[in-house]
Amino acid sequence: GQNIDQPTEMTATEGAIVQINCTYQTSGFNGLFWYQQHAGEAPTFLSYNVLDGLEEKGRFSSFLSRSKGYSYLLLKELQMKDSASYLCAVRENSGYSTLTFGKGTMLLVSP
Amino acid sequence: SQTIHQWPATLVQPVGSPLSLECTVEGTSNPNLYWYRQAAGRGLQLLFYSVGIGQISSEVPQNLSASRPQDRQFILSSKKLLLSDSGFYLCAWSSPPPTQYFGPGTRLLVL
């Protein structure tokens, strides 16, 4: 089985930088995903990390440390539209590409 | 490009009534398909996944069932709805795995 932990809520100011952490425990790790979900909408894919290190994609970056069971999503130059829930999901080393999701971190960006 | 459709968008059903939710994917062949439920204040819960026509794997024992009658069609059903079935139902696809892309979702309220 898997255990995924994320902070429930975070607040930040427009233009700032925020880091959302995710820790996981799994019997066989095979990748970590970050999704963004605005209220009332479906999740949208942000990033996928399978190797250690930092993946940068515009204002968003995602970091993975497999030895520590740890990932973070870094959001730079925050905008009001970044207010959303951010979901961490882990893929296990099984035959099918099923994901286990954390409960998500609700980020509120204020002016 | 690939698109995924779900209908209906919202549904209000009485306890004990049947359910049929449909998901179709366009622009890809032989996708993996997934059904998730997101209840208020809870994370995404994987209900079913399918790697091909007629192939269904269940993750959570419950009064729901799934079918895949065609390559790009995935149906979620119930013979008798329970109050606890209320939630946001999301269909997702991946082709190739592992990244999953979500449909717009169906919001179900069981009264």
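All values below come from the heavy atoms of this structure, side chains included, with hydrogens, waters and symmetry mates left out.
With rounding to the nearest 0.5 angstrom, the CD atom of A:Gln25 is 10.5 Å from the CD1 atom of A:Ile4. Distance CD/A:Glu92 to CZ/A:Phe29: 10.5 Å, rounded to 0.5 Å.
Only the side chain of A:Leu87 has a heavy atom closer than 4.5 Å to any heavy atom of chain B.
Ranked by heavy-atom pairs shorter than 4.5 Å toward chain A, the options B:Arg42, B:Gln6, B:Gln38 are led by B:Gln38.
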| said: For A:Tyr35 and A:Phe101: C-alpha separation, side-chain torsions, deciding distance, then whether ring pair (Phe, Tyr, Trp, His ring centres under 6.0 Å) applies. | reply: CA-CA 10 Å; A:Tyr35 284 81; A:Phe101 283 82; 5.6 Å; yes
| Does the pair B:Leu11 and B:Leu21 meet the rule for a side-chain contact (heavy atoms from CB on, under 4.5 Å), with working shown? | CA-CA 10 Å; B:Leu11 193 59; B:Leu21 303 180; 4.1 Å; yes
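Of residues 44-52 of chain B, those residues lying under 4.5 Å from chain A by any heavy-atom pair are B:Leu44, B:Leu46, B:Tyr49, B:Val51. Residues of residues 48-86 of chain A lying under 4.5 angstrom from chain B, judged on non-hydrogen atoms, are A:Tyr48 in numerical order.
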Return a table of donor-acceptor pairs under 3.5 angstrom between the side chains of residues 97-111 of chain B and protein atoms on other chains or two or more places apart.
from, atom 1, to, atom 2, distance (Å)
B:Gln100, OE1, B:Tyr36, OH, 2.7
B:Gln100, NE2, A:Ser97, O, 2.9
B:Thr106, OG1, B:Pro8, O, 2.5
B:Arg107, NH2, A:Gly40, O, 3.4

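Remark: the B:Thr28 side chain and the B:Ser95 side chain contain an N/O donor-acceptor pair separated by less than 3.5 Å.
With sequence neighbours excluded, no residue forms a salt bridge (charged side-chain N to carboxylate O under 4.0 Å, His left out) with B:Arg72.
Contact between B:Ala66 and B:Trp35 at its shortest, heavy atoms only, is CB-CD1, 4.3 Å.
One hydrophobic cluster, built from ILVMFWY side chains closer than 4.5 Å, cannot hold both B:Ile75 and B:Leu90; they sit in different ones. Criterion: ILVMFWY side-chain heavy atoms under 4.5 Å apart, direct or through other members. Under it, A:Met106 and A:Phe33 are not part of a common hydrophobic cluster.
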